[in-house]
Structures are given as structure tokens and as C-alpha cells.
Amino acid sequence: MISMKKTQLLDKANSRFSKKQLARLETAIDFAAQAHATQKRIGGEPYIIHPVAVAGYLCDWNLDLDTLIAGLLHDVVEDTDVELPEIEKQFGHDVAFLVDGVTKLGELRKGMREIDSYLPATKDNLTKLLIATGQDIRVIIIKLADRLNNLQTLYALPRDKQQKIALESLRVFAPLADRLNMGRVRVQIEEISFSYLDKHRFNFLKKQMKKRLGRASKKLDRVRADVAKLLNQNHIKFTMDGRIKSVYSLHKKLEKYEQNLDAIHDLIALRIIVPNKNACYQALGLINGLYTPMTDRIKDYIAMPKPNGYQSLHTTVVTPDEQIVEFQIRTERMHDYAERGLAASFHYNEQKLTDAYKKGQIAAMPANLDWIADLQKAAARLAAGQKVDTEKLRLNLFSDRIFVYTPRGDIFDLPDGALPLDFAYRVHSDVGARAQSFKVNGRIAKSDTPLKTGDVVEIITRNNIRPTIDWLKRIVTSHARQKIKQQLRRELKK
Ligand code: MN
């Protein structure tokens, strides 16, 4: 089984990489297989099946060789005796950097386990962690591949774990894939998660949809033929296929439309791919002329891309035999971008872009998600073949930051070496000003104890406490210093 999977991956990679690169990939497969040799997945399969599958997705998504290799090695440091320096020695700095990112994410998550039940904060925290450790966006993409494969083998886990992983995937990983415009991955994650979270509803909707589509299929064949004829007559090159709405997005839409299936017009959409932008508009005009368009449902996402960079023309029309059909018209490149998002851009700008990814990573603070907006803008520009100012995208990294929790599970990031009072001021300057003492991981801690990642810090406040000049010795962050000085001045005036 292992050698079969190995051959499958090498076959997949064969057309994309040189002989020398393929040899490197093979070395990495063997290295990972060796490291995981004694381990099994919960389902009983040899462990190596999992990282090979992860690398397989990364290959399908057209990621570069370093990312594929990091995918193969992503669990090695966390789960085996192999250490990072050895990976660096064997496979280079970039691979080691990516593996390290994935490993750190795993370590940070361990500190979150106890707050798993507190979902709103968990969701927020996990998103922050993903962003913080994903200094290189490829780390996040590896995590998405990892999660997708874990979902596909979810049947092997006990029910409560299934529910937990499915819920987290739906709330955190699917939106993340969406922000990166990785539409296909998003849909895969949503479908599997939803089928575990609400099996009954999933099956019910699937059946309903099948019925509808069965009834419409004859009429749709007719529409396809008519549209194909029209486009041919006008010498527009095209390919056409049908996309069936995913069960989960139908479920969400039905909630908006009071469960009325008749109100959903895009159960099936016909997707037309044409060579260029002009042909998109031309095809739109022809289709709107052939049928009766529902005017409020003509959308020009080419002129006005969606925030995640998605581009396409949409129109919903009514045919003479009263079939309602949605059309989505776009170029090959727009299509590829809609399906694979950021990952697809690698393919178009191979080298340049890898660089941009490495530098154009991360955002200001985890508290806001500006980086995603920047990333999206950059991604949209890259997809349109424009240049991106990577300088503007470069932001402070998190390598020298620690992550500390409140007892409620909220997460805050601080510079390495920060003290409890820094944390208090980071939470709120009023909390800082009234801080009397601190508990770290449940124990009273001195005010000069440096905090570590994963610490849970409780601040004990008293209303009659006032900051004194001494406090400036109990902090290291400029934020706390500035706040304390302000407060001291205010006290003085009084
Ligand atoms: Mn894994």
C-alpha cells in the first residue's frame, strides 16, 4: 500500500518537476516513511499514508516543491524523534521554516485544549494562531491540506471527536479557505464537516436536490445545446459544464429563504469558460438575448471582483419552458483562481510569486485581520497579472512574540520577555492601573516573572490601587510604559 501511494504521488508530480526535483521528492517520501515507520493512523493504516496524501493535495493545488516536501514532513518534528536541524540539513532552510511553522501551530494549540468548549473565543484564537504562525502563507495552505485529509479519515474517530473537529473545520478552516479564494477546498471542507454535524439534514437535502435535478435534467440538456449552438454561430470558443450547488451552501441559503426550495435558482449553474474578458461580455449579451434574464440577478464580478478576488459574470435567466438557469461566465484564469485561489497564483508567477508569498505574509496584529485584506488585494492583482509591491505587504513577524491567555480563553500576543503587568496593560489600561497581583497558571506569581507562550494569566485587581513610578520597572513593553506615564501625570494633576 505504501509503495502504491508513493508511486501515485510521484506520478502526479511527474509533469511538474524536473528529474532532479523528483529525486528530492522521493528522498523526502522515504525520509518521512522512515521517521513514521512505527506509527499507525487511528484507522489502523500506516501513518505515512497521511503525509503522502497531504503532499498529494499540495501537488494538485500547484504548490512549489518546498511546500510539497514540507507537507510530507509536516508531522515529523511533532510526532517523531527527528528534529528540525536534521530537516534543515537534508532539505534546506525553506522546508525547515515551513515545517517549523506547522509544528509551532500544533504546539500553540495544545495550550488551547482546555478552552475547546468555549467556542467563540476558540474560533477567534485559532484564526489568530493560524495567522500568526502562518508567517508564510504556505504554512496555512499546508494546514488546510492536513485538515482536509483528517476530515476524510474522520470515520475512524469516536463520535465526540468527530463533532469537535467537524465544527472547528466549518467555523475556522472553511472561512479561511474562502478568504484565500480556495473555493474547491472550502466546499470539500464544508461538505464533509456538515455531513458529520447533521447527517440527517445532509442526507435529506441531498435527496431533495437529486429529485429536482432529475426533473430538470432534460430541460437543461436542451439549454446546453441551444447555448452551445449560439456561441458556435458567433465564433466564441468555449467549454461548458454544470456545477451543482453544494449541500451545505444549499442548507445555508434555505435558512435565508424560509426553507423554500423553489426560491433557490442556482441549484445547478452552467459554467462557461471562454478565452478572454471580451468573450465573457459577448457571451453574456448573447445569453441574455436568447432567454429572459432576471435583471436583478445580473452580476459583474469582473469589473467589481468579490473581496476575495473572485471574478466572473453571473446571470440568471428564464427559458421558454420556464426553467430557471444560472450562468457563470469567466476566463480560464479566473476559473482556476476561483477554484484554487492563492495557491493557483503560484502556477502563473512561479518564482516571483514564491518570493512575494515569503515576504508578503503577515499582518499587523492578530487582533485585526487586515493582512487578509492585503493578501486578497495582492492575490487579486497577481491573478490579474499585475505587479505587487511586496514591500508594502511586509509586516512585523511573530517569531519573537509569545501568546498568553486570560482565564476565559482570550488570547493576547506580547513580545518575548513580557511581564505580568505588561499583560494587564495589554488587556486594558484600566485593568493595568488597578492590578494588585497575578496568578500564572493558577499560582500567585511575582511581578518580575517573564511570561511564556501558553501561560494562563489572571489579574487580581483592587479599586484603590494606583500606579506608582516604581511600576515602570515592572514592565518591558512601550505600550504599558506609555499608559503608566499618562496615568501618573493624571494623578499628579489631581
Ligand atoms: Mn497531520
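Quick note: residue numbers are just sequence positions, from 1. Just so you know, ligand 1 is whichever comes first in the structure, and atom 1 is the first atom listed for that ligand.
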Once rounded to 10°, what is the value of the angle centred on the Mn ion (ligand 1) between Asp146 OD1 and His50 NE2?
80°
Please give the atom name: the N, O or S atom of His74 nearest to the Mn ion (ligand 1).
NE2
Return yes if a side-chain donor-acceptor contact under 3.5 Å exists between Asp146 and His74, otherwise no.
yes
Compute whether any side-chain donor of one residue and acceptor of the other, for Glu190 and Gln188, lie under 3.5 angstrom apart.
no
Does any donor atom in the side chain of Thr477 or Arg426 lie under 3.5 Å from an acceptor atom in the other side chain?
no
Less than 4.0 angstrom from a charged side-chain N to a carboxylate O is my criterion; do Arg333 and Asp336 meet it?
no
Looking at the Mn ion (ligand 1), which N/O/S atom of Asp75 is the nearest one?
OD2
